[in-house]
Amino acid sequence: MRIIFMGTPDFSVPVLDALVAAGHEMVCVYCQPPRPAGRGKKDRPSPVQARAETLGLKVRHPVSLKDAQAQADFATLEADVAVVVAYGLILPQAVLDAPKLGCLNIHASLLPRWRGAAPIHRAIMAGDAESGVCIMQMEAGLDTGPVLLREAVPIGTEETTGALHDRLAALGARMIVEAVAGLPQTPTPQSEDGVTYANKIDKAEARVDWTRPAVEVDRLIRGLSPFPGAWCEIAGERVKLLGSRLSEGAGAPGQVLEGFTIACGAGAVTITRAQRAGKRAMTGDEVLKGLSLPAQLS
């Protein structure tokens with residue numbers, strides 16, 4: 001197949017590698033433009049751009065695909081199919097229609113649940129028992145297209161968004177190779193029942209509210225790990241909480257019970273991983289070697 005690959009973050013890299021390993025002709029890689037990053041705020045290419053350049057692939061990173069020239073440039077590639085995974089730009093209808101077999105999207109949820117920007121975060125924050133990957137034929141609506149392949153995986157009781165992200169990236173890479181090999185095929189329309197939307201994560205959601213039930217606090221911490229990271233203040237210092245588990249115990253919300261176990265509105269959580277400002281992420285026990293907890297967290 002002549003494939004246009006469209007992706008930007010780390011999640012997309014295993015998919016690009018899998019398609020290259022399968023022997024397909026990658027006619028062009030599209031990704032978002034380099035962004036300022038690091039202390040010097042110099043433009044840094046996305047993970048997909050960096051990987052594509054290492055592989056010697058042609059790369060384009062337009063700011064938008066809405067103008068006629070960008071769409072014409074896309075069409076002249078004469079691709080059989082475009083594979084889209086966490087690209088970050090809306091594809092106009094002219095782009096969706098350009099490849100002979102259309103555009104396939106790798107979506108990290110069990111559609112129609114968690115359409116939208118942050119499906120992995122939202123699945124964990126909602127307490128879902130499972131997540132998964134769908135390979136979808138793209139259309140103009142937000143993640144509304146019919147599904148070619150679907151595979152579910154359980155979510156672990158202490159699993160973070162970062163860990164689930166890595167598992168789903170590997171799963172998506174395997175599934176897209178299978179989906180492309182089976183083209184053309186007839187996808188299955190999504191159900192109209194059970195539609196939910198995974199809104200983009202707002203940093204305002206990240207502060208831990210200890211008055212909430214422990215099960216909700218635990219999901220928040222795991223769902224926002226590693227980014228943007230749930231946080232609380234400890235002795236005036238903002239500390240990111242990156243891992244947790246439900247624990248026995250009860251007390252006033254925010255009360256430190258034992259070690260790094262904190263009482264919530266109902267039940268308690270134990271912090272298993274955290275990060276102080278300017279320091280690396282550490283286990284909860286490691287953090288406590290250099291940080292004394294007050295009797296009560298706000």
Side-chain angles (χ1 to χ4, degrees), residues 108-110 113-114 118-132 152-169 171 194 196-199 201-235 237-277 279-298:
S109 83
L110 299 174
R113 186 163 177 79
W114 301 129
I120 302 175
H121 297 78
R122 296 298 178 189
I124 291 178
M125 292 168 70
D128 290 5
E130 62 179 10
S131 181
V153 298
I155 298 176
T157 56
E158 295 185 31
E159 191 160 25
T160 64
T161 283
L164 182 57
H165 165 284
D166 292 348
R167 286 207 292 143
L168 296 183
L171 177 60
T196 59
Y197 289 92
N199 294 326
I201 299 297
D202 188 327
K203 289 185 178 180
E205 300 177 69
R207 181 161 189 169
V208 173
D209 179 357
W210 300 110
T211 68
R212 306 301 301 168
V215 66
E216 294 182 15
V217 173
D218 173 60
R219 292 171 184 171
L220 178 77
I221 291 169
R222 293 185 295 110
L224 298 185
S225 175
F227 181 83
W231 63 276
C232 69
E233 283 191 3
I234 300 177
E237 177 185 344
R238 181 182 290 205
V239 177
K240 283 189 176 183
L241 308 179
L242 300 175
S244 61
R245 63 172 179 267
L246 295 174
S247 295
E248 299 293 329
Q255 181 182 344
V256 178
L257 301 178
E258 182 180 359
F260 220 150
T261 298
I262 315 298
C264 301
V269 297
T270 295
I271 305 305
T272 59
R273 193 165 183 80
Q275 184 175 16
R276 299 180 65 182
K279 299 184 181 295
R280 63 176 178 86
M282 294 181 278
T283 66
D285 290 341
E286 288 174 328
V287 171
L288 292 184
K289 291 178 182 178
L291 179 66
S292 297
L293 299 184
Q296 184 85 20
L297 302 185
S298 60

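All values derive from a computational prediction rather than experimental measurement.
Judged purely by atom type and a 3.5 angstrom limit, S225 has no side-chain atom pairing as donor or acceptor with the backbone of G243. Between the side chain of T196 and the backbone N or O of W114, at least one donor-acceptor pair lies under 3.5 Å. A donor-acceptor pair is defined here as one N or O able to donate and one able to accept, closer than 3.5 Å; no such pair exists between the side chain of E216 and the backbone of L220. Of the possible donor and acceptor atoms, one in the side chain of Q296 sits under 3.5 Å from a partner among the backbone N and O of P253. The backbone N or O of N199 sits less than 3.5 Å from a side-chain atom of R122, completing a donor-acceptor pair. Although no hydrogens or angles enter the test, the distance criterion places a donor-acceptor pair under 3.5 Å between the side chain of H121 and the main chain of F227. Judged purely by atom type and a 3.5 angstrom limit, E205 uses its side chain to pair as donor or acceptor with the backbone of D202.
For the atom pair CZ of F260 and OG of S244, the computed distance is 10.5 Å after rounding to the nearest 0.5 Å. Atoms CD1 and CD1, from I234 and I262 in turn, are 7.0 Å apart once rounded to the nearest 0.5 Å. Distance check: D128 CG to S109 OG gives 9.5 Å after rounding to the nearest 0.5 Å. Between I124 atom CD1 and H165 atom NE2 the span is 11.5 Å, to the nearest 0.5 Å. In this structure, OG1 in T160 is found 8.5 Å from CG in L242, a value given to the nearest 0.5 Å. Atom-to-atom distance recorded for E158:CD and I221:CD1 is 11.5 Å, nearest 0.5 angstrom.
Minimum interatomic distance between E237 and A277 (heavy atoms only, all atoms of both residues): OE2-N, 3.5 Å. What you find for T161 and G223 is that their closest heavy atoms are OG1-O, 2.6 Å. Contact record, G259 with V256: O-CG1, 3.6 Å, taken as the closest heavy-atom pair. Nearest heavy atom pair, residue L241 against residue V208, reads CD1-CG2, 4.0 Å. Scanning both residues, A214 and G267, for their nearest heavy atoms gives CB-C, 3.7 Å. Residue A268 comes nearest to T261 through the heavy atom pair CB-CG2, 4.0 Å, listed as atom of the first residue, atom of the second, then distance.
No side-chain heavy atom of P213 sits less than 4.5 Å from a side-chain heavy atom of R219.
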Practice problem: Decide side chain to side chain contact (heavy atoms under 4.5 Å, CB included) for L246 and V269; before the verdict, give the C-alpha distance in whole Å, the side-chain angles of both, and the deciding distance to 0.1 Å. | Solution: CA-CA 5 Å; L246 295 174; V269 297; 4.1 Å; yes

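Partners of A152 according to the side-chain contact (heavy atoms from CB on, under 4.5 Å) rule, which considers only residues two or more places apart in sequence or in another chain, are L110, E130.
Identified under the salt bridge (Lys or Arg N to Asp or Glu O under 4.0 Å) test for residues 221-235, with sequence neighbours left out: D218-R222.
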